[in-house]
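In what follows, a structure is listed as structure tokens, so that the remarks can point back to it.
One-based numbering along the sequence shown. Side-chain atoms are counted along with the backbone in the values below, which use heavy atoms only and exclude waters and symmetry mates.
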Amino acid sequence: MATKVFVINPGSTSTKLAMFEDGEKTVEVCVEHDAQVLLSFDNINDQLPYRMEVIKDFIKENNIDLTGVDAIVGRGGVVYHMEAGVYEVNDKLMQDTINNVAGIIHPSSLGIQLGAKLQEQYGGRLFTVNPVCVDEYCDEARVTGIAGIRRKSVGHALNLKGTIRRHCDKYGLDYYNSNIIACHIDGGIAITAHKNGYMIDGNNACGGDGPFTPTRTGSIGVLDLLDYLEAGHSIKETRKMCAGAGGFVSYFGSSSGEHVKALIAQGNKEAEQVWNGFCYNLAKGIASLSATFEGKVDAIILTGRYVRFEDMVESIKRRCGWLAPIYIYPGEVEHEEMAEAALRVVEGIDIPKVYQGRNVSPHTTGSVDDCGVNRYDTK
């Protein structure tokens, strides 16, 4: 009887789903969501019924039988910091996800919640793999200019580590003896430095850090943000701007790159300037991480759905190609990574890690517990 693994991958602009049997992907879909529809929900958890309907439609339209499913894998959200790896979902992880202990808005938190609803109906084991709160930062990367506040690791560890692993296999490299800058470019953007197998630095992709994205503000001056708040914008509204209503959505009401490009084709000068700024800031973010390796970079890897835009890729090559060879991996390998990790556990090859309900990092000389939770306020 075939081993069945069902994968659920909620993103900032889409819900992606896939079915695997005996390790082979049999069907996959990416359902795009209108940014304004998602913004109509008060909070991320309110999206559960909406996203659940997407899953039900996918199962029905593809005649998928989840009876006897061995594993359901949900993309992991922002809770306490975790080591990289595969985790079997326990009650503490589920409750911390539902209660949003991190206070960070990101739809990845829906992954295991949606998975739990399917598990109630069909059974199977529930896993998550390399969630967005994987933390392997070096000590230096944690320091800020405010005592008591540390930089936090939040990003697309799942796709980045999976893409790097495949790159190393292809070119005969040792991930655990390499300096690699890897960039996930999509609704959210994560630019990360990988040294000897650890993701030791990067931008906080959910925290208003790094280049602006189709849905997020990216880094802006603190005083500019205070001016924005004092102009009458609420904390709640500002949080949404940081992760959901910023970037292209703020300018054009849409997170679609095709929409921005269409505006440019119509002669819209603001759209042209915003797009060029998007490409420019991406390259700056990538180049800045070369300092992490003292300029000795083995490879720059670009992945995510936005690498379909050739002019964006060419802009990065012009500005960063002198640092290291640049490799392009369109799309994502998140589904494959989740399914393969769960299958290894089901087959008894690997043992899943256990979520601790506290900050855990394998790559620091000190404790990360003094960071508290991932929150940016004092509630």
Exercise. So, do Q113 and L48 sit near enough that their side-chain heavy atoms are less than 4.5 Å apart?
Worked result: yes
Exercise. Should the heavy atoms of other residues, nucleotides or ligands under 6.0 Å from CZ of F41 be counted, would the total exceed 12?
Worked result: yes
For this session: Have a look at E136 and tell me which of K195, K161, H194, H81 forms a side-chain hydrogen bond (donor to acceptor under 3.5 Å, both in side chains) with it.
Result: K161
Problem set entry | E334 and N159 side chains, donor-acceptor separation under 3.5 Å | no
Problem set entry | ILVMFWY network linking L173 to Y175, side-chain heavy atoms under 4.5 angstrom | yes
Exercise. For the hydrophobic clusters of this structure (ILVMFWY residues joined by side-chain heavy atoms under 4.5 Å, transitively), does one cluster hold both V345 and I72?
Worked result: no
Exercise. Between G77 and P131, which heavy-atom pair has the shortest distance, and what is it?
Worked result: O-CB, 3.9 Å
For this session: For E237 and K240, run salt bridge (charged side-chain N to carboxylate O under 4.0 Å, His left out): C-alpha distance rounded to whole Å, both residues' side-chain angles, the deciding distance at 0.1 Å, then the answer.
Result: CA-CA 5 Å; E237 182 182 1; K240 276 197 171 184; over 6 Å; no
For this session: Would you give the length of the straight line joining atom CG of L323 to atom CD1 of I181, rounded to the nearest 0.5 angstrom?
Result: 6.0 Å
Seminar exercise, completed: Output for pair (I180 CD1, M199 CE), nearest 0.5 Å, gives 13.0 Å
Exercise. Heavy atoms, side chains only, cut-off 4.5 Å: are Y329 and V307 in contact?
Worked result: no
Problem set entry | Closest non-hydrogen atom pair between F252 and A271, with its separation | CZ-CA, 3.5 Å
Exercise. How close do R51 and L38 get, heavy atom to heavy atom, and via which atoms?
Worked result: NH2-CD1, 4.0 Å
Seminar exercise, completed: When every non-hydrogen atom of H335 is compared with those of A18, the smallest separation belongs to ND1-CB, 3.5 Å
For this session: Indicate the ring-plane relationship of F58 and F6, choosing parallel, tilted or perpendicular according to the 30° and 60° boundaries.
Result: tilted
For this session: May I ask you to decide whether E53 forms a salt bridge with K60, counting only side-chain N to carboxylate O separations under 4.0 Å?
Result: no
For this session: Answer yes or no: is there a donor N or O on one side and an acceptor on the other, between the side chain of K152 and the main chain of R150, under 3.5 Å?
Result: yes
Exercise. Between CZ of R142 and CZ of R151, what distance do you get to the nearest 0.5 Å?
Worked result: 10.0 Å
Exercise. Are any non-hydrogen side-chain atoms of M312 and S315 less than 4.5 angstrom apart?
Worked result: no
Exercise. Quick one: are I185 and I316 in side-chain contact, heavy atoms under 4.5 Å?
Worked result: yes
Exercise. So, does S250 use its side chain to make a donor-acceptor pair with the main chain of G247 at under 3.5 Å?
Worked result: no
Exercise. If only atom types and distance count, is the side chain of T303 paired as donor or acceptor with the main-chain N or O of T163 below 3.5 Å?
Worked result: no
Exercise. If Ile, Leu, Val, Met, Phe, Trp and Tyr residues are connected whenever their side-chain heavy atoms lie under 4.5 Å apart, and connections chain through other members, are F309 and I191 in the same group?
Worked result: yes
Exercise. Which heavy atom in L114 sits nearest to a heavy atom in P10, and how many Å separate them?
Worked result: CD1-CG, 4.2 Å
Exercise. What is the ring orientation for Y171 with Y327, classed by angle as parallel under 30°, tilted 30 to 60°, or perpendicular over 60°?
Worked result: tilted
Exercise. CG of L229: more than 12 outside heavy atoms within 6.0 angstrom?
Worked result: yes
Exercise. Under the 3.5 angstrom rule, does the side chain of S14 hit a backbone N or O of C30 as a donor-acceptor pair?
Worked result: no
For this session: Taking side chain to side chain contact (heavy atoms under 4.5 Å, CB included) as the test, write out the residues that go with Y122, two or more places apart.
Result: L66, V69, L118
Problem set entry | Close side-chain approach of C206 and N204, heavy atoms under 4.5 Å | yes
For this session: Could you check if a side-chain atom of L225 sits within less than 4.5 angstrom of a side-chain atom of T238, using non-hydrogen atoms only?
Result: yes
Problem set entry | Heavy-atom side-chain contact between D46 and N43 under 4.5 Å | yes
Exercise. Any sub-3.5 Å donor-acceptor pair from T215's side-chain atoms to G187's backbone N or O?
Worked result: yes
For this session: Could you tell me whether K117 and E120 make a salt bridge, using a distance below 4.0 angstrom between a side-chain N and a carboxylate O?
Result: no
For this session: Answer yes when R308 and E258 have at least one side-chain N-carboxylate O distance shorter than 4.0 Å, and no when they do not.
Result: yes
Exercise. With a 4.0 Å cut-off, would you call D311 and K261 a salt bridge?
Worked result: yes
For this session: Taking D224 for its side chain and L226 for its backbone only, find out whether a donor-acceptor pair lies under 3.5 Å.
Result: no
Seminar exercise, completed: Here the pair of heavy atoms bringing A2 nearest to E21 is CB-OE1, 4.0 Å
For this session: Assess whether atom NZ of K236 is packed by more than 12 heavy atoms of other residues, nucleotides or ligands within 6.0 Å.
Result: no
For this session: State plainly whether one hydrophobic cluster holds both I349 and V73, where clusters connect Ile, Leu, Val, Met, Phe, Trp and Tyr through side-chain heavy atoms under 4.5 angstrom apart.
Result: no
For this session: Verify the neighbour count for atom CG of D91: are there more than 12 heavy atoms of other residues, nucleotides or ligands below 6.0 Å?
Result: no
For this session: Would you confirm whether T217, through its side chain, and G246, through its main-chain N or O, come within 3.5 Å as a donor-acceptor pair?
Result: no
Exercise. Is a donor on one side and an acceptor on the other found under 3.5 Å between the side chain of N268 and the backbone of L263?
Worked result: no
For this session: Report yes or no: does S109 contribute a side-chain atom to a donor-acceptor pair with the main-chain N or O of T97 at less than 3.5 Å?
Result: no
Exercise. Transitively linked via ILVMFWY side-chain contacts under 4.5 Å: Y306 with V132?
Worked result: no
Exercise. C320 and I300: side-chain contact (heavy atoms from CB on, under 4.5 Å), yes or no, with the steps?
Worked result: CA-CA 9 Å; C320 300; I300 296 171; 4.3 Å; yes
Exercise. Do T15 and H33 have side-chain atoms, one donor and one acceptor, less than 3.5 Å apart?
Worked result: yes
Please list every donor-acceptor pair under 3.5 Å in which a side-chain atom of residues 289-298 meets a protein atom from a residue at least two apart or in another chain.
{"unit_1": "S290", "atom_1": "OG", "unit_2": "A287", "atom_2": "O", "d": "2.6"}
{"unit_1": "T292", "atom_1": "OG1", "unit_2": "L289", "atom_2": "O", "d": "3.1"}
{"unit_1": "D298", "atom_1": "OD2", "unit_2": "N179", "atom_2": "N", "d": "2.7"}

Problem set entry | Point-to-point distance, once rounded to the nearest 0.5 Å, from CG of L160 to CD1 of I301 | 9.0 Å
For this session: Determine whether more than 12 heavy atoms belonging to other residues, nucleotides or ligands lie under 6.0 Å from atom OH of Y50.
Result: yes
Problem set entry | N99 side-chain N/O to Q95 backbone N/O, donor-acceptor pair under 3.5 Å | yes
For this session: Tell me whether the centres of the aromatic rings in F248 and F278 are closer together than 6.0 Å.
Result: yes
Exercise. Taking atom types as modelled and ignoring hydrogens, do the side chains of E337 and N130 form a donor-acceptor contact shorter than 3.5 angstrom?
Worked result: no
For this session: Begin with the C-alpha distance, continue with both residues' side-chain angles, and end with the deciding distance and a verdict on side-chain contact (heavy atoms from CB on, under 4.5 Å) for H156 and E332.
Result: CA-CA 10 Å; H156 302 78; E332 300 149 349; over 6 Å; no
For this session: Please lay out, stage by stage, how I189 and L282 fare under the test side-chain contact (heavy atoms from CB on, under 4.5 Å).
Result: CA-CA 9 Å; I189 292 173; L282 257 174; 3.9 Å; yes
Exercise. Does the pair K4/D70 count as a salt bridge with the N-to-O cut at 4.0 Å?
Worked result: no
Exercise. Within a strict 4.5 Å, meaning less than it, do heavy atoms of the R166 and E336 side chains meet?
Worked result: yes
For this session: Indicate whether any N or O donor in one side chain lies under 3.5 Å from an N or O acceptor in the other, for R75 and S108.
Result: no
Problem set entry | Stepwise side-chain contact (heavy atoms from CB on, under 4.5 Å) check, K16 with V31 | CA-CA 6 Å; K16 290 163 279 189; V31 179; over 6 Å; no
Exercise. Going by the angle between their ring planes, with limits at 30° and 60°, are Y355 and Y80 parallel, tilted or perpendicular?
Worked result: tilted
